[in-house]
Amino acid sequence: MAKEIKIDAITDMETDFAQWYTDVVKKAELIDYSSVRGCMILRPYGYAIWELIQKELDSKFKQTGHQNVYMPMFIPESLLQKEKDHVEGFAPECAVVTIGGQEQLTERLIVRPTSETLFCDHYANIIESYRDLPKLYNQWCSVVRWEKTTRPFLRTLEFLWQEGHTAHATAEDAEEETIKMLNIYADFFENVLAIPVIKGKKTEREKFSGAMATYAIESMMHDGKALQGGTSHNFGDGFAKAFGIQYTDKNNKLEYVHQTSWGVSTRMIGGIIMVHGDNNGLCLPPNIAPIQLIIIPVAMHKEGVLEKARNIKEQLSSIARVEIDETDKTPGWKYSEAEMKGIPLRLEIGPRDIENNQCVLVRRDTREKYIVSLSNLENEVSGLLIKIQKDLYDKAKKHLDENIVTAKNMEELENIFSVKNVFVKAMYCGDEACEIEIKEKIAVTSRCMPFEFEEISTKCVCCGKEAKNMVVWGKSY
RNA sequence: CUGGGUGUGGCGUAGUUUGGUAGCGCGCUUGCUUCGGGAGUAAGAGGUCGCAAGUUCAAAUCUUGUCACCCAGACCA
């Protein structure tokens with residue numbers, strides 16, 4: 001069993017979770033701070049994770065018939081103002097361009113905080129007939145929101161994301177699309193990121209500006225706080241009416257389209273860190289790890305060691321993403337480095353191993369060591385990668401399950417959150433006043449109304465009136 | 001935006017109360033010895049003390065302003 005060593009550069013998560021997070025983000029070389037307030041530099045290792053996320057999701061989008069497009073990054077102010085709720089929701093956090101070249105612009109340009117209005121404007125131009133529907137578009141881009149305070153990945157002024165925007169003939173089609181995309185996100189979180197999620201609908205108060213209904217997946221971080229992973233909105237025909245997106249149906253009748261939008265962002269990477277990471281640093285699920293196995297040659301100046309390491313890389317390259325650390329650091333240094341970067345498997349190979357036709361495999365998540373014959377390496381490696389992926393999910397699921405409790409009244413709710421951050425299931429009458437009261441008194445918000453309904457009681461946790469919705473409450477990032 | 005904290009070589013810091021011209025650890029460079037959990041040794045390089053004004057013979061230190069980052073709130077993917 002591996003000896004415990006202390007990596008002094010990373011603050012213990014029990015001591016200061018926020019500081020731990022910042023340390024991991026920096027020490028794992030995911031990002032660097034930039035000279036612009038609230039903006040981060042995604043370094044190669046951090047960007048590689050994003051590229052894998054893109055690759056996985058993009059293929060899912062393509063499989064379900066979506067096409068990628070690219071919209072401009074500027075939105076004329078008048079366009080943003082067409083949908084009332086939407087502009088009210090986003091106006092306070094917009095960056096605005098007022099000068100182009102040396103000239104004052106006649107109309108101000110908003111740097112996109114999201115692109116609904118641009119898609120709508122375009123859809124109004126290209127949709128005429130039921131034959132033009134559905135339109136299933138997606139774009140990968142960055143958006144800008146002038147946030148008050150920022151944290152790497154979780155909240156930055158500019159962030160990378162994908163936004164799907166679709167237009168459908170009927171309300172049913174739009175609702176089906178909304179749920180379909182939510183499920184794609186949920187599967188991605190659980191199977192690729194190894195993050196268990198709660199799927200549900202947002203309350204009126206928490207839904208997207210301009211949406212008829214917002215659905216979301218919520219996940220629990222190691223400190224018990226919630227992170228909204230992905231959202232999927234059903235716009236109904238609200239935007240269509242504001243932008244005049246109409247088509248002629250089979251009966252020669254003019255109808256409004258029904259729209260959806262859905263997105264996930266680099267915030268997910270923050271989720272990966274806070275769900276799987278530990279006091280030794282990042283811990284990546286194999287399915288999203290840019291390097292799945294790192295080979296560390298021991299005594300690599302000795303005859304044959306480096307050659308053997310390179311042979312092994314070749315041998316394993318078809319079943320895993322493999323790198324060798326050939327730097328002239330000492331092995332102990334390399335072990336720690338590999339752990340901070342969360343590389344799922346480490347392979348140690350030295351003169352003694354070569355004599356015995358073996359090597360040492362070490363799991364990042366449990367730090368268990370295995371002595372493995374080189375003749376059976378492929379099987380061992382692929383088996384372990386699968387097992388690590390599964391174990392990380394199971395561990396996160398256990399943490400989630402153990403930290404969901406129920407409350408029947410305000411006193412219970414208050415007592416629970418006075419001890420620690422968890423998810424609390426409680427009934428909700430639907431009146432926004434109750435949601436506001438809970439937020440003011442306990443500083444928690446409604447995360448979602450889960451699809452998996454449980455009748456905790458028949459009365460609202462806040463006002464005690466008749467209640468039929470169950471809400472998951474929690475403190476959110 | 002509100003409240004608290006911090007800015008000194010790449011990183012972490014001492015020095016600030018009581019002004020006197022910047023010290024330490026890590027890292028970096030080169031050589032030699034090392035290499036199975038953050039190696040040893042020798043020699044070296046690297047700092048307009050966040051930025052800008054001001055006070056002073058003299059400012060990292062005092063004054064004012066400003067910027068950035070961190071933490072806790074309010075807002076959000």
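To find a chain, count down the sequence lines: A is the first, B the second, and so on, and within it residues start at 1. No hydrogens, no waters, no symmetry mates; every other heavy atom, side chains included, goes into these values.
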Within the 3.5 Å criterion, strictly below it, is a donor on A/Ser232 or A/Thr178 matched to an acceptor on the partner's side chain? no
Would you list the atom pairs, donor with acceptor, under 3.5 Å between side chains in residues 263-273 of chain A and any protein atom, with sequence neighbours excluded?
from, atom 1, to, atom 2, distance (Å)
A/Ser265, OG, A/Arg267, N, 3.0
A/Thr266, OG1, A/Leu160, O, 3.4
A/Arg267, NE, A/Leu154, O, 3.1
A/Arg267, NH2, A/Leu154, O, 3.0

For A/Glu348, check salt bridge (Lys or Arg N to Asp or Glu O under 4.0 Å) against everything at least two apart and list the hits. A/Arg346
Could I get a table of every N or O pair under 3.5 Å where one atom is in the protein and the other is in nucleotides 5-12 of chain B?
none

Treating primed atoms plus P, OP1 and OP2 as sugar-phosphate and everything else as base, which nucleotides of nucleotides 65-77 of chain B get B, S or - for protein heavy atoms under 4.0 Å? ---SSSS-BBBBB
Rounded off to whole Å, could you give me the CG-to-P distance for the A/Leu347 and B/rG37 pair? 16 Å
Under 3.5 Å, which donor-acceptor pairs link side chains of residues 140-148 of chain A to any protein atom two or more places apart or in another chain?
from, atom 1, to, atom 2, distance (Å)
A/Trp140, NE1, A/Asp58, OD1, 2.8
A/Ser142, OG, A/Glu158, OE2, 2.7
A/Arg145, NE, A/Pro113, O, 2.8
A/Arg145, NH2, A/Pro113, O, 2.8

Protein-nucleic acid N or O pairs under 3.5 Å, nucleotides 25-34 of chain B:
none

When the P atoms of B/rC49 and B/rG36 are considered, how many whole Å apart are they? 43 Å
Just distance, no hydrogens or angles: give the donor-acceptor pairs under 3.5 Å from side chains in residues 327-334 of chain A, sequence neighbours left out.
from, atom 1, to, atom 2, distance (Å)
A/Thr327, OG1, A/Asp325, OD1, 2.6
A/Lys334, NZ, A/Asp325, O, 3.0
A/Lys334, NZ, A/Thr327, O, 2.7

Report yes or no: do A/Gln19 and A/Asp23 form a side-chain donor-acceptor pair below 3.5 Å? yes
Bracket string, RNA chain B, 5' to 3' - pairs by Watson-Crick or G-U geometry under 3.5 Å, | interstrand: ((((((((.[[[[.)....(..]]]].((((((.....)))))).....[[[[[..)....]]]]])))))))....
Spacing of the C1' atoms in B/rU63 and B/rC76 (rounded, Å): 40 Å
Indicate for each nucleotide in nucleotides 40-47 of chain B, in 5' to 3' sequence, whether protein heavy atoms under 4.0 Å reach the base (B), only the sugar-phosphate (S), or nothing (-). --------
List, one per line, each side-chain donor-acceptor pair under 3.5 Å for residues 42-52 of chain A, sequence neighbours excluded.
from, atom 1, to, atom 2, distance (Å)
A/Tyr45, OH, A/Lys341, O, 2.6

Quick one: ring-ring contact (aromatic ring centres under 6.0 Å, His included) pairs with a partner in residues 431-451 of chain A, sequence neighbours left out? A/Tyr215-A/Phe451
Using salt bridge (Lys or Arg N to Asp or Glu O under 4.0 Å) as the criterion, list what pairs up with A/Glu326, not counting sequence neighbours. A/Arg310
